[in-house]
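Have a look at the structure below, then the notes.
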Number of protein chains: 2
Amino acid sequence: MESLIYVGLVEDHLLFRKGMKSILSTWPEIEVIFESGEGYTVLEKLHTSDRLPHVMLVDLSLPPNGQQEFGGKEVTVALRKHFPDIRIIILSAHEDENFIAQLIEHGAHGYLVKDCNPGEVRDAISSVYNNGSYINIRTLKAIQNNIGRKTKVRSTTLAGETLTKREEEILQLVCQQLTTEQIAEQLFISPRTVNGHRNSLLEKTGSHNVAGLVIYAIKNNIVSI
Amino acid sequence: MESLIYVGLVEDHLLFRKGMKSILSTWPEIEVIFESGEGYTVLEKLHTSDRLPHVMLVDLSLPPNGQQEFGGKEVTVALRKHFPDIRIIILSAHEDENFIAQLIEHGAHGYLVKDCNPGEVRDAISSVYNNGSYINIRTLKAIQNNIGRKTKVRSTTLAGETLTKREEEILQLVCQQLTTEQIAEQLFISPRTVNGHRNSLLEKTGSHNVAGLVIYAIKNNIVSI
DNA sequence: TAAAAAACAGGTAGAAATACCTGTTTTTAT
DNA sequence: ATAAAAACAGGTATTTCTACCTGTTTTTTA
């Protein structure tokens, strides 16, 4: 608990980065051992580093690497893949509700808005280091309102089967209250074909009627409501 | 940040409560100033208390008051109403996914499983006291999977109309994939009547079929998925 | 390049839902 | 106490869906 926590900072604005480092240095249990001004060099820097940070504070909006976007999200994904032990706190200027959800799902362990007070940062680092995650209450509300069915996960059925592209397509149209005939028109196929797909959908999802299909579609992020 | 945090404990198992108090006493910034072994006496105890806790650790499963259930959920609701400044951390033996979502929406600020390590408790108290919330990563996952459309908002229709109780009831059953006949059986009414309600539902919600009804029901929290 | 999966399309039945109509009884609110 | 709303129940007709069956062609994967 009271052991030294190694912290890394990935933040393109120097002043902010140094300011953060200064703040963090006031806490004896925290030591900043890594800094980077851009996301795309983080991995190689870590590879040549003798000490790895326990917790990495990563700015959400980092400069791209040429054409390639490389912000907090990309850093998160890369870190999770190559340095799964490093815990990640995203720093953002504001709460982008949709994004937070994605970040958490990509493996970020915490999320801080930049106007939080220093105590929060300490709490966040400590929490993330010791246990798992840190989310402030407003952010949590944002997640409550927005998460759940944003990131498209492959939809698996009861039997572990997977819906085909066409089946998902038709399921989406079913959810839009279209009839078999309307779906057929829209997809330029025979109503019989649509019918076949509908039956497969009922079978695969274990549903008895459209109510079941719609709920399945929502639960499995095939449609967003 | 370093000011003394007054903590209250609501936990029916004495040993666990005292153990927790002992652990908390090792942190100089935390002082336990309130204890209760049951939920239903918390309010009056607080009213006669000279100092109010900043953070209350509340066990999820507390003994009922006679017939009346009075667990962590009820305590949370009561505290939020009468002592809105007190921040609440729920302690639970395990992660009941559905319940966590409800608790957070009822106003709890944090959630701890009882097998967490002491450092987590300190972090949780500090976080909750200083900022807002504390949720561990597993719990967060649970929330991601279960929250979203739990809080029941009065369902308003396109025309601003309101669904009647019976209509909502039938809508819920429709969402459970029951047929008109099955719904009639379940409610001990004629299929004709169910039919009438279904038609009203379609009319009021501006839907063409069950797909529309289900989506309406989910959007308006008439059913939870 | 075979084999498997997906997409396609047709037939037939029956079940269920939708879209209208009518009316009575019960509950709620003014 | 009266009016309005809700819940109840029936008729009729049509549309749509569900549940089976069959098969071919195209695409994907091993």
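This one's a predicted model, so the numbers in the text were calculated from it and none came from an experiment. Throughout, protein chains are lettered first and strands after them, A, B, ... in sequence-line order, and every chain is numbered starting at 1.
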Worksheet item: Between the side chains of B/Glu38 and B/Thr41, does any donor sit under 3.5 Å from an acceptor?
Response: yes

Worksheet item: What are the two closest non-hydrogen atoms of B/His109 and B/Val128, and how far apart are they?
Response: O-CG2, 3.8 Å

Response to the item:
Comparing B/Phe188 with B/Asn209, nearest DNA chain D nucleotide closer to 5' gives the residue B/Phe188

Discussion item. Within 45 degrees of the ring normal and closer than 6.0 Å to the centroid, is that where the cationic atom of A/Arg51 sits relative to A/Tyr6?
Written reply: yes

Practice prompt. Could you check how far CG of A/Asn199 sits from P of D/dT22, rounded to whole Å?
Written response: 14 Å

Worksheet entry | A/Ser126-B/Asp123 side chain donor-acceptor pair, cut-off 3.5 Å | yes

Worksheet item: OP1, OP2 of C/dC8 versus side-chain N and O of A/Ser190: anything below 4.0 Å?
Response: no

Worksheet entry | Atom-to-atom span, CD of A/Glu167 to C1' of C/dA5 - whole angstrom | 11 Å

Discussion item. Expressed as a whole number of angstroms, how long is the span from B/Arg192:CZ to C/dC20:C1'?
Written reply: 13 Å

Worksheet, complete the sentence: Against the side chain of A/Thr193, the closest entry in C/dA17, C/dC8, D/dA9 is C/dC8

Item to complete: Send over the distance from A/Arg198 CZ to D/dT16 C1', rounded to a whole Å.
Response: 8 Å

Practice prompt. Measure from NZ on A/Lys165 to C1' on C/dA6 and round the result to the nearest Å.
Written response: 12 Å

Worksheet item: Can a side chain N or O of B/His208 be found less than 4.0 Å away from OP1 or OP2 on C/dT18?
Response: no

Worksheet item: Could you give the CG-to-C1' distance, from B/Asn195 to C/dT22, as a whole number of Å?
Response: 14 Å

